[in-house]
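Notes follow once the structure below has been shown.
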Amino acid sequence: MRERYIAAARRVLVTALVLAAFLVLPQAFSQTARASGESGALDRVIEEQSGAVGAGDVENAVGDEARELLGGLKVGDAAKNSGAFGRLLSEAAARIRGIVTASVRNAAVIVLAAIFSGLFASCLPGNHSNYAILAAILVISAVSLASVNTFIGMGSRVLDDLQTFSRVLLPCLTAAAAASGAVTSASVKYAATTLFLDIMQTAMRALIMPLIYAYCAVSVGEAAIGGTSLAGVSSLLKWLVKTVLSAFVIVFIIYMSVAGVVASSSDAAALRAAKVTIATVLPVVGSIAADAADTILSGASVLRGAIGVFGVLAVAATCAVPFLKLGINYLLFKLAGGLSGTVADARITKLAGAFADAFGMTLAMSGVCAIMLFVSIISVIRFTV
Amino acid sequence: MSDILRSWILGIAGASLITAITLAVTPESRAKKAVSLACGFVMIIALLRPIGSFDYAGFKLSFSRLREQSDGFSAPLEETNAELMKSIIQDGYAAYISDKGKALGVTRIEAAVEAELHSDGFWYPVRAYVTVSGDKTLRERLAFEIESGLGLAPEELVWGEFNEQG
């Protein structure tokens, strides 16, 4: 009963995060579009600031495949072009057929192995039927372990790509956020994100990936031996991976929320004090200086939003194809396991399900990194006075 | 990391073994509930042990270093913003002079203003180059408006006139 509540709470949290992203992004689009239409002076300021903060480096830091999905999108276009996300989705959707075609072979092998093992098992006398099941398990393991190895390598590359991109994006976004008034909060969020990403990278390579391999090995052993002797071990390994990943995300979100709120309140107070000070010097000089300061702040704010929106789109583009591959393979293996259950031994169904879970864990591993970056970027974009 | 992982897993395995043996030898009685509860706490402590051994001082130090590092990201943008601020303010002063001139009836006016950064952090005008068409009376009235609004004394104004073709 408690597990159901915890699982439900996790689903609610993830759904809330995704909804928050969809609520924030349109505002970032509209703010930047409205502001950039106000004056040529503002456009000039944004262009100069964009060059100073290294927005071009952020564009170059995106991987080749992700850049193709984004259609050559630039930072300056990201916020004005509200169709960028739709284009990304349609480009990713166009690749689904190719991924399904490439992935269906492995699922077909599982189903065929299950069918043949069922046929031979029914023909062979007594204990000899076990040999047919073992042969099917061997074939399925050989094919699936190669896939698991490939996909874990792919997940590892996604982590590397995201970390490489974050090392360029975060300094640029932090500089723009600091210039728009979020001096303390931008610094705090940069430090928290970088530190958590580094810890997560180490944990993924030293802990999560070995646990996924161990889970696959134990699942193969469990299928080969039969019985429930190894079932507890495989359940523990799966639970460990899920718990570590969930704990990471939850701790990160809580830390960012608390630290961000505290730091943002001091930024807001400092900004209001600065505005009051400007306005009380010589009236004409003061008002011209205040307008100039507002223009600079507005430019930095628009730039912050544009870099943030580009960052979100780039992270989504980096993860899109790998996530599709992992997700489709997860579904196909689950389907194959379900189909094979009608003709073959339950061990084969369970083994197929275990490999599907391994793909799911690999997906979650990369997903955690992406979620952390989304949360960090969105929290920086959302700073308002 | 692998040492921490190994000691954690060994701790969990050891705690599992101890709790399993303890529960096996405890006879069925009221005391068994208390023993089960105690074994549950032992397992929780074994699971949460890495949290207690986490290097919080190292985490805090790394965090501080990253915050110091982030302070350096703003330097290029601050320089650009300072240049932009000067340029926008100078343009603002020039626009003020042009607006005042037109309000006084000057038919043609062009203005450019030099500003300098004062110790209080504000860009104050130090010299204005004003090119006008019109008589001296208008020029004197404009000079008065400029002095009132921008604090520029008459000797800080450089006047020019449009030539007949210009």
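Remember, predicted model here, so these are calculated numbers, not experimental data. Lettering follows sequence order; numbering is per chain, from 1.
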Donor + acceptor pair across side chains of Q201(A), Q163(A) (<3.5 Å): yes
Region of F63(B) in contact with chain A, defined by heavy-atom distances below 4.5 Å: both
Name the member of N81(B), D91(B), D71(B) that forms the most heavy-atom pairs with chain A at distances under 4.5 Å. N81(B)
Does a side-chain heavy-atom distance below 4.5 Å link K189(A) with L173(A)? no
Looking at E161(B) and R139(B), is there a salt bridge between them, counting it only when a charged N and a carboxylate O are closer than 4.0 Å? yes
Comparing S187(A), A292(A), A175(A) against chain B, the one with the most heavy-atom pairs below 4.5 Å turns out to be S187(A)
Pick one of side chain, backbone, both or neither for E83(B), based on which atoms fall under 4.5 Å of a heavy atom in chain A. neither
With a 4.5 angstrom heavy-atom cut-off, could you sort out which part of L195(A) is near chain B: side chain, backbone, both or neither? both
As an exercise: rank V53(A), V188(A), T174(A) by heavy-atom pairs under 4.5 Å with chain B and give me the winner. V188(A)
Which atoms of L240(A) come close to chain B, meaning under 4.5 Å heavy atom to heavy atom: side chain ones, backbone ones, both, or neither? side chain
In terms of heavy-atom pairs under 4.5 Å with chain A, the winner among T80(B), I88(B), L84(B) is L84(B)
Using non-hydrogen atoms only, which part of T193(A) is less than 4.5 Å away from chain B: side chain, backbone, both, or neither? neither
So, R167(A) and D57(A), do they make that salt bridge, N to O below 4.0 Å? no
Quick check against the 3.5 Å criterion: does E116(B) have a side-chain atom that pairs as donor or acceptor with the backbone of Y124(B)? no
Determine whether more than 12 heavy atoms belonging to other residues, nucleotides or ligands lie under 6.0 Å from atom CZ of F59(B). yes
Looking at I381(A), is its backbone amide N or carbonyl O close enough to the side chain of R304(A) to form a donor-acceptor pair, meaning the two atoms are under 3.5 Å apart? yes
Under a 4.5 Å heavy-atom cut-off, does chain B meet the side chain of A186(A), its backbone, both or neither? neither
